[in-house]
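Encoded as structure tokens, the structure appears first; notes follow it.
Naming convention: chains lettered A, B, ... in sequence-line order (proteins, then strands); numbering from 1 in each chain.
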Amino acid sequence: MRKLALGIEALAIAVLFGSFLASGGKLLLAGAAAALLALAGVLGLAGKRREMPGFWLWFVSLLAYAFLYIPLVIVVIFSFNDSKLNAEWVGFTTAWYLKLFSDEDMLRAALNSLSIACGAAAIATVLGTMAGLSMHRFKPKLLPFLVFTPVAMPEILLGVSLLIFFLNSVSPALGALGIDFGLGLTTVVIAHVTFCIGFVAIIVRARLAGMDESIFEAARDLGATPWQTFRLVTLPLIMPGVIAGALMAFTLSIDDFVITFFTSGVGTKTLPLEIYTMIKVAVTPEVNAVSALLMALTLGMIMIAAKLAPDLMQAKT
Amino acid sequence: MFLVVFFLLPALIMVVASLRYPGEFGGLAPLVSTRPGEEAGLTLESYRVFFSDWVYFEIFAKSFGVAVLTTLVCLLMAYPVAALIARSPKRYRDMMVLLVVLPFASNFLVRVYAWMIMLGPFELLFSRFAVICGMVYVHLPFMILPLYTNLEKHDPALLDAAQDLGANAWQRFWRVTFPLSLPGVFSGSALVFIPVLGMFAIPEILGGKDDWIVGNMIKESFLGTRDWPFGSMLSLMLTLAVLAVAAAASWLAGRRMSRA
């Protein structure tokens, strides 16, 4: 039964790919629908025997999964297309990738993204861990509001309020002291830290919530100073949460578009901003190539994260 | 402390900014007049403009419409997936959840761009349809995950009991599963609804000028016309709308819980 299912699945994928290459995408939907129908049928029938969910549930869910993946697969496929248009398959090429690596703006943007993400993740991890710890220990009233509101609000609100703040309050104030302050890397890092703290704090607090309080009491009874308790007991225990939080902050920062858009000023470009400009000005498969590379990068990050901190997934959901 | 300086303070400054005059060259006019004849101080001008023209009200209504539609489509697509994952054997569940989250590891703009390519050949680009597609695509996991965490907790014995009492599949869903899953539905809806309201990139990239929503207006007032007081006022209105929605969602969820 299972072998048959696998066979049909492979066949369906082959048909899908073939029809896609042949028709430049227009038959894709029909092919995908047929394949899904077949797959759902097989899984649904198999399910009947093993008390698994039925045909229609599988069918609709597979449609939803297809909805999630087909657009990205198409982006990747067209990044190898030997044509300036993303409409028809012409031939295989890696030219777009090569072009990408000689594009200086792009490389500078990538470097910016990377340094911003490292800086923001480092600061947000320290502050977020502190926030998570104190929320757990002291149960303050105002802190959760401060920590979680930037996470829950539409990003644009944080973006514009920081824009006004930096240009209208911080800049003149520092200007009076003779310091020239404008939008740039620093403001982007500060903005990213502001919204990343919440995510780190949530993860760290979730880690602390499942912990036995008596360990900390035991440490104190054995004569540990608060600092020793923290360094030798608390920190090692929450370390997986801290690492997960740091990785989360890093990916959020490197992915952020909206807040960066408002706080970066004219000179500083990050990868998402560069992609945005490219999409708005001229769409070439070079965008596909960056996208594919970014996908590979984040995929790699997630795999490393899953290896380092296996409870990352639980913390996230 | 960091958050007080970089979150609370900017928010308060924005409230004040919404009460000021726009500067001569964009931005904000000074609080204290430095030259004769210059507009300075506080004013309700932005609010007057906002409430005196139906256009702005319509844009807010349109934003709500887009948000409602996106939320409904997300709900319809997310429910079967969440139900399927929740009913699958335990060892496959994590894998299936991961498969939902995985596309969202790719950059937000990449996902929007993917829809540009998808819809381009069908000449569906720059339409309301494209905007909804993009919105649903970007926010779908925010609906699936809360629904799944809720559905996972359901006791299958309840459904067996309903079946024994003679309920058919449809009745079992509407009378047992769905009412129990409402907290998940509400939290998922809030997680989709709120970000959609403030979105500006998707209508800008996938939609036409007619599809602009509040987010676009805010962005335009800050970076296009550079009328900061007006933009601040719009942001404030958006904040109020978001708070209202969040309050409504938690109130509905709470009421459900107390009745159950």
Side-chain angles (χ1 to χ4, degrees), chain A residues 24-26 52-53 57-58 60-61 64-65 67-72 74-75 78 86-87 127 146-147 149-150 152-158 160-165 167-169 190 193-194 197 251 255 257-258 262 271-272 275-276 279-280 283 287 291 294-295 298-299 301-302 313 316-317, chain B residues 2-4 6-11 13-14 17 27-28 77-78 80-81 83-84 87-89 94 97-103 105-111 113-118 120-121 137 140 145 149 194-195 197-201 205 215 218-219 222 228 231-232 235 238-239 242 246:
Chain A
K26 294 230 171 169
M52 285 222 308
L57 201 55
W58 269 107
V60 181
S61 304
Y65 275 112
F67 175 76
L68 287 176
Y69 280 93
I70 288 176
L72 296 179
I74 289 183
V75 168
F78 273 124
N86 277 309
L127 294 175
L146 279 176
V147 169
T149 322
M153 281 306 211
E155 288 180 293
I156 190 171
L157 293 175
L158 186 63
V160 293
S161 67
L162 280 169
L163 173 73
I164 302 181
F165 177 64
L167 284 185
N168 209 257
S169 309
I190 292 173
V193 169
T194 310
I197 286 179
T251 31
D255 255 358
F257 163 66
V258 177
F262 285 105
L271 265 186
I275 295 176
Y276 175 74
I279 293 178
K280 293 221 77 182
V283 179
V287 186
S291 310
L294 270 179
M295 275 182 232
T298 25
L299 208 64
M301 286 276 303
I302 288 181
M313 287 311 297
K316 233 180 177 180
T317 43
Chain B
F2 183 89
L3 286 170
V4 173
F6 290 111
F7 166 63
L8 204 56
L9 206 56
I13 285 172
M14 194 170 79
L28 299 171
M77 290 186 77
V81 179
L84 180 75
R87 281 186 217 171
S88 297
D94 280 349
V97 171
L98 185 69
L99 279 174
V100 170
V101 182
L102 212 52
S106 66
N107 189 280
F108 159 72
L109 285 166
V110 170
R111 282 175 273 143
Y113 173 69
W115 278 96
M116 275 182 93
I117 298 184
M118 284 279 286
Y137 189 63
L140 191 57
L145 293 182
T149 28
I194 290 171
L197 277 184
M199 184 63 69
F200 73 91
I205 295 170
I218 295 178
K219 184 213 147 198
F222 275 100
W228 285 16
S232 305
S235 309
L238 178 59
T239 312
V242 165

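Of the two parts of B/I194, the backbone and the side chain both hold a non-hydrogen atom closer than 4.5 Å to a non-hydrogen atom of chain A. Using a 4.5 Å cut-off between heavy atoms, B/F200 touches chain A through its side chain atoms alone. Heavy atoms of A/L294 lying under 4.5 Å from chain B belong exclusively to its side chain. The contact between B/L99 and chain A is made by backbone and side chain atoms together, counting heavy-atom distances below 4.5 Å.
Of all heavy-atom pairs between B/K219 and A/I156, the closest is N-CD1, 4.3 Å. A/P154 approaches B/G198 most closely through the heavy-atom pair CB-CA, 3.9 Å. In terms of heavy atoms, A/S61 sits closest to B/P80 at OG-O, 3.3 Å.
Under the side chain to side chain contact (heavy atoms under 4.5 Å, CB included) criterion, B/P195 pairs with B/H139, sequence neighbours left out. Every ring pair (Phe, Tyr, Trp, His ring centres under 6.0 Å) that A/Y276 has, sequence neighbours left out, goes to A/F257, A/F261.
Note that the OG atom of B/S235 and the CG atom of A/L163 stand 10.0 Å from one another [nearest 0.5 Å]. Going from atom CD1 of A/I70 over to atom CH2 of B/W115 covers 8.5 Å, rounded to the nearest 0.5 Å. A distance of 4.5 Å separates CD1 in B/I205 from CD1 in A/I279, rounded to the nearest 0.5 Å.
Of the listed residues A/T251, A/L72, A/D255, A/V75, the one with more heavy-atom pairs under 4.5 angstrom with chain B than any other is A/D255. Per-residue counts of heavy-atom pairs under 4.5 Å with chain A were compared for B/L109, B/V110, B/V81; the largest is that of B/L109.
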